[in-house]
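These numbers come from the heavy atoms of this one structure, side chains and all, not from hydrogens, waters or symmetry mates.
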Amino acid sequence: MIPPTFTVAIRDALKHAQGRAVKLSRTQQLEIGEDLFIRIAPGGRKFLLFKLEGEPTPAEGQAIADVLGLQTPQLGWHQGKTLRSLTVVEQG
């Protein structure tokens with residue numbers, strides 16, 4: 001028998017992952033939308049946003065930064081071997 005499903009608000013999932021990144025000092029990764037992923041760095045004050053097809057938008061990065069309570073986020077880009085990721089870092 002398959003267990004019942006439940007819905008978690010994306011805000012709650014992001015805040016939980018941020019808390020785990022701080023508590024465990026380990027990167028936390030979530031799939032937060034169809035082909036949209038986030039990796040929250042240890043400390044919880046910076047993250048990478050990426051898609052397997054295409055690129056995330058700066059508006060998506062800013063919206064997530066707002067949810068995570070980043071005060072002065074700086075957005076940039078990181079080009080890996082196969083993916084281009086949006087980087088968001090809180091200054092200070």
Inset, instruction - Heavy atoms only: give me the nearest Thr27-Ala41 pair and the separation to one decimal. - result: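 Looking at all heavy atoms of both residues, the shortest contact is OG1-CA, 4.2 Å.
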Legend entry - Closest contact, heavy atoms only, Leu48 versus Ser85: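 In terms of heavy atoms, the two residues are closest at CD2-CB, 2.9 Å.
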Legend entry - Residue pairs, two or more places apart or on separate chains, that pass salt bridge (Lys or Arg N to Asp or Glu O under 4.0 Å) and touch residues 25-42: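 Qualifying pairs, neighbours excluded: none.
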Legend entry - Pairs involving residues 80-92, ordered by first then second residue, that meet salt bridge (Lys or Arg N to Asp or Glu O under 4.0 Å) (sequence neighbours left out):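 For residues 80-92, and leaving out neighbouring residues, the salt bridge (Lys or Arg N to Asp or Glu O under 4.0 Å) pairs sorted by first residue read Arg45-Glu90, Glu55-Arg84.
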Inset, instruction - Mind checking side-chain hydrogen bond (donor to acceptor under 3.5 Å, both in side chains) for Thr57 and listing every partner two or more places apart, or none if nothing turns up? - result: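 By the side-chain hydrogen bond (donor to acceptor under 3.5 Å, both in side chains) rule, Thr57 matches Glu60.
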Cluster companions of [X] among Ile, Leu, Val, Met, Phe, Trp, Tyr (side-chain spacing under 4.5 Å):
X: Leu24; answer: none
X: Leu68; answer: Ile10, Leu14, Leu30, Ile32, Leu36, Ile38, Ile40, Phe47, Leu49, Ile64, Val67, Leu70, Leu75, Trp77, Leu86, Val88
X: Val89; answer: none

Legend entry - Pairs meeting criterion side chain to side chain donor-acceptor pair (under 3.5 Å) with involvement of residues 9-20, two or more places apart: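 Output for this query lists Arg20-Gln28.
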Inset, instruction - Would you mind listing every side chain to side chain donor-acceptor pair (under 3.5 Å) that reaches into residues 62-74, with sequence neighbours excluded? - result: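 Applying side chain to side chain donor-acceptor pair (under 3.5 Å) to every pair that reaches into residues 62-74, excluding sequence neighbours, yields Gln62-Asp66.
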